[in-house]
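Throughout, protein chains are lettered first and strands after them, A, B, ... in sequence-line order, and every chain is numbered starting at 1. Hydrogens, waters and symmetry mates are skipped; everything else that's a heavy atom, side chains included, is used.
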Amino acid sequence: MLSRRSLVVAGTGARLLLADPAPIIVTIVLPVLFGAFLLPSSRAQLRQSGIANATGAEHLVPGLAVLFAFLGVSLVGTLFFREHAWGTWDRLRASSASTADIFVGKLLPLYACLLAQLAVVFTAGAVMFGYRVTGSLLALAVVLALFVAVLVAFGAMLAAVFRTMDQAIVIGNVGGMAMAGLGGALAPASTLPAWAQAAAHASPAYWTLDAIEDITLHRAGLADVTTPLAVLAGFLVLFSAVAVARFRAEDTKVGTT
Amino acid sequence: MLEIRDLTKAYGDHRVLLGVDLDVGAGEIVGLLGPNGAGKTTLISIAAGLRRPDRGSVRIAGRDAMRHRPLTARLIGLAPQDLGIYPTLTVRQNLMFFARLAGLGPSVARRQVDSTAEAFDLADRLNHRAETLSGGQKRRLHTAMAVIHRPKLVFLDEPTVGADVASRAGILDVVRQLAAEGAAVVYTTHYLTELEQLGAAIAVLHAGRIAVRAPLPEVIARFGAAGVALRFAGEVPHLPGWRVDGARLVPEETVADPVAAAAQALAALGARAGGLAGVEIVRPSLESAYLAITGQPGVAQTEEVVDALAA
Ligand SMILES: Nc1ncnc2c1ncn2[C@@H]1O[C@H](COP(=O)(O)OP(=O)(O)OP(=O)(O)O)[C@@H](O)[C@H]1O
Ligand SMILES: [Mg+2]
């Protein structure tokens with residue numbers, strides 16, 4: 001899987017991300033900023049729903065982290081479309097790197113970035129808003145690692161399906177926000193209207209936040225969150241399969257730099 | 001090194017290549033010529049493995065290029081027609097990336113980056129972001145990235161577009177050197193004099209096929225039609241074997257040596273050549289040959305005009 005050439009592609013991919021870090025920084029700064037605004041209302045909401053000494057961070061920190069992580073979906077698309085705009089896509093393909101090398105190499109740095117972004121947001125949540133976990137930190141890490149993999153696969157699917165960068169970004173952002181909102185990132189899924197709760201099951205965000213809630217409030221360990229993990233793995237397989245099935249390396253894509 | 005057989009390619013129902021055969025040997029430079037839209041870039045894309053042909057085969061170093069892809073890709077260096085560089089990376093990072101992608105180890109890659117930057121006159125720009133280069137410098141970087149790993153088969157699709165006189169000479173030097181080291185080079189350009197400077201063999205892609213594939217002198221000798229015309233002020237005299245074309249007298253059949261033909265005509269005309277205003281001569285050249293092959297004769301520029309009145 002990790003051939004030497006995919007690591008070479010990944011090294012340059014990381015440089016390209018760092019050369020233009022604004023989008024990644026936004027996904028870190030915004031949740032922290034929103035957290036400061038929204039903490040009191042989240043606290044009131046949690047206490048009303050029966051969690052006596054809630055600080056508000058129990059739902060707010062994972063909710064905002066997941067919400068803004070969805071911005072990463074359009075970054076995945078950008079990875080590919082920019083290569084077309086720069087004229088480097090064909091050069092990559094003409095090199096001795098295989099399509100798999102290119103895919104793995106391009107996705108790996110972004111995956112690491114998005115995971116780091118979640119780690120920073122959760123850490124900031126602990127330091128600034130008093131976010132605490134009653135269950136297993138390992139379980140939390142596994143859930144987040146799988147969630148980010150689902151996001152990256154979703155982005156890769158959009159990049160494979162759409163012909164222009166604008167289409168992929170719009171669908172990525174709108175779809176991402178809808179999934180996050182339905183999944184309970186804005187308000188706990190249990191407070192949503194009945195139809196929305198039913199639809200929420202189709203959102204990876206729902207299963208992610210469901211698992212995190214158990215880990216945060218109900219002392220859950222890895223063994224207690226196998227159902228959401230299995231569903232997330234299902235999303236990962238589904239999105240990856242569509243991406244691979246629809247991807248044509250020789251397609252002309254329209255990207256802007 | 002490169003053997004292309006019976007290559008056919010259509011985009012939808014627009015048939016571009018109708019059975020192209022082309023061989024390029026090690027150490028050989030082949031200038032691939034053809035009008036805009038002839039299919040040069042399409043042909044190169046297929047040979048470099050970027051597109052699938054509808055029919056036909058590409059063999060590189062004796063191996064089927066489509067079946068032995070990773071192996072043959074390592075032998076190839078491609079500079080596409082459209083600029084392809086990473087603007088936010090430095091010149092060094094751009095070069096290093098493609099050196100490493102081609103499988104060079106870190107220290108060999110570093111040496112190659114330095115020597116290639118030197119050859120393309122980019123040494124003092126190595127640590128600048130590519131987006132800060134001028135258009136011609138970007139073009140040079142773009143071409144340098146294709147040859148950084150000293151490939152055995154090089155495709156350069158209009159590498160000198162936008163390069164100034166000195167850069168162009170530099171790029172031609174590198175191409176000659178690659179060939180001298182045994183690389184097979186496919187070189188497209190619309191500047192025909194570059195091929196004369198490279199001593200390239202000529203392949204003309206016309207109407208979906210390679211119309212001519214021969215060494216440069218042979219192409220000129222076979223197709224480089226010469227032309228001559230005697231221009232008169234006032235009445236144009238009659239002369240056997242010549243016809244009147246407006247104010248000019250032109251031979252009825254093509255001539256091999258336009259200067260000798262003009263001299264003979266003037267001698268035959270004698271005193272009747274008094275109204276002569278000028279002599280136009282087109283020497284056989286790659287340009288006149290190319291235009292004859294692609295069916296656009298007569299567009300060739302008059303290379304010499306001797307004004308009789310001034311002489
Ligand atoms: N991706 C494509 N889809 C549809 N038609 C294409 C595509 N690429 C090229 N063509 C068509 O194929 C023909 C050959 O194009 P190609 O770019 O190979 O020509 P060329 O000889 O390189 O021309 P130029 O000298 O202008 O670079 C053109 O008529 C062009 O319109
Ligand atoms: Mg072309």
Side-chain angles (χ1 to χ4, degrees), chain A residues 1-25 75 78-106 108-110 113 247-257, chain B residues 11 41-42 44-53 65 68-90 92-106 109 129-131 138-139 141-143 145-146 148-149 151 153-155 157:
Chain A
M1 188 76 167
L2 284 185
S3 69
R4 207 187 55 75
R5 281 187 175 76
S6 65
L7 292 178
V8 171
V9 177
T12 290
R15 283 204 183 85
L16 289 168
L17 280 178
L18 295 178
D20 203 2
I24 303 283
I25 291 172
L75 293 184
T78 316
L79 287 183
F80 291 93
F81 287 103
R82 286 206 303 190
E83 296 277 343
H84 286 274
W86 288 333
T88 44
W89 181 250
D90 276 350
R91 304 199 77 147
L92 276 183
R93 291 212 299 126
S95 78
S96 42
S98 67
T99 307
D101 291 336
I102 297 172
F103 244 79
V104 171
K106 295 221 65 83
L108 206 58
L110 188 61
C113 263
F247 183 76
R248 299 273 177 282
E250 63 271 27
D251 278 356
T252 319
K253 301 263 182 186
V254 183
T256 46
T257 42
Chain B
Y11 295 106
T41 299
T42 301
I44 287 178
S45 306
I46 294 172
L50 295 178
R51 287 186 185 284
R52 294 200 154 273
H68 298 94
R69 177 72 191 135
L71 215 70
T72 51
R74 207 164 308 166
L75 302 172
I76 295 178
L78 165 70
Q81 177 166 10
D82 294 329
L83 193 70
I85 59 177
Y86 291 102
T88 56
L89 299 185
T90 65
R92 185 189 301 283
Q93 287 167 339
N94 270 287
L95 291 171
M96 197 67 180
F97 179 41
F98 281 88
R100 302 280 285 133
L101 261 192
L104 303 188
R129 279 185 172 214
E131 64 195 348
K138 282 180 184 154
R139 201 55 158 159
L141 170 60
H142 168 84
T143 308
M145 284 153 70
I148 184 84
H149 56 298
L153 174 58
V154 187
F155 298 102
D157 200 348

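Between chain A and the options B:A73, B:S45, B:A48, heavy-atom pairs under 4.5 Å are most frequent for B:A73. Per-residue heavy-atom pair counts under 4.5 Å with chain A were compared for B:L78, B:L50, B:D82, and the maximum is reached by B:L50. Heavy-atom pairs under 4.5 Å with chain A were tallied for B:G49, B:G77, B:G103; the largest tally goes to B:G103.
Nearest heavy atom pair, residue B:A79 against residue B:T143, reads CB-CA, 4.2 Å. Between A:T88 and B:G84, the shortest heavy-atom distance links the atoms CG2-C, 3.7 Å. Contact detail for B:P151 and B:A146: the closest heavy-atom pair is CG-O, 3.6 Å.
Both the backbone and the side chain of B:H142 have a heavy atom closer than 4.5 Å to some heavy atom of chain A. In this structure, the portions of A:D90 lying under 4.5 Å from any heavy atom of chain B include both its backbone and its side chain. When heavy atoms are compared at a cutoff of 4.5 Å, B:R52 does not approach chain A at all. Neither the backbone nor the side chain of B:F155 comes within contact range of chain A; no heavy atoms are under 4.5 Å apart. Looking at B:M145, the atoms closer than 4.5 Å to chain A (heavy atoms on both sides) sit in the backbone and in the side chain alike.
One N or O on the side chain of B:T72 and one on the backbone of B:R69 form a donor-acceptor pair closer than 3.5 Å.
Looking at A:S95, A:S96, A:S98 one by one, the single match for side-chain hydrogen bond (donor to acceptor under 3.5 Å, both in side chains) with A:R5 turns out to be A:S96.
Side-chain contact check for A:E83 versus A:R91: every heavy-atom pair is 4.5 Å or farther apart.
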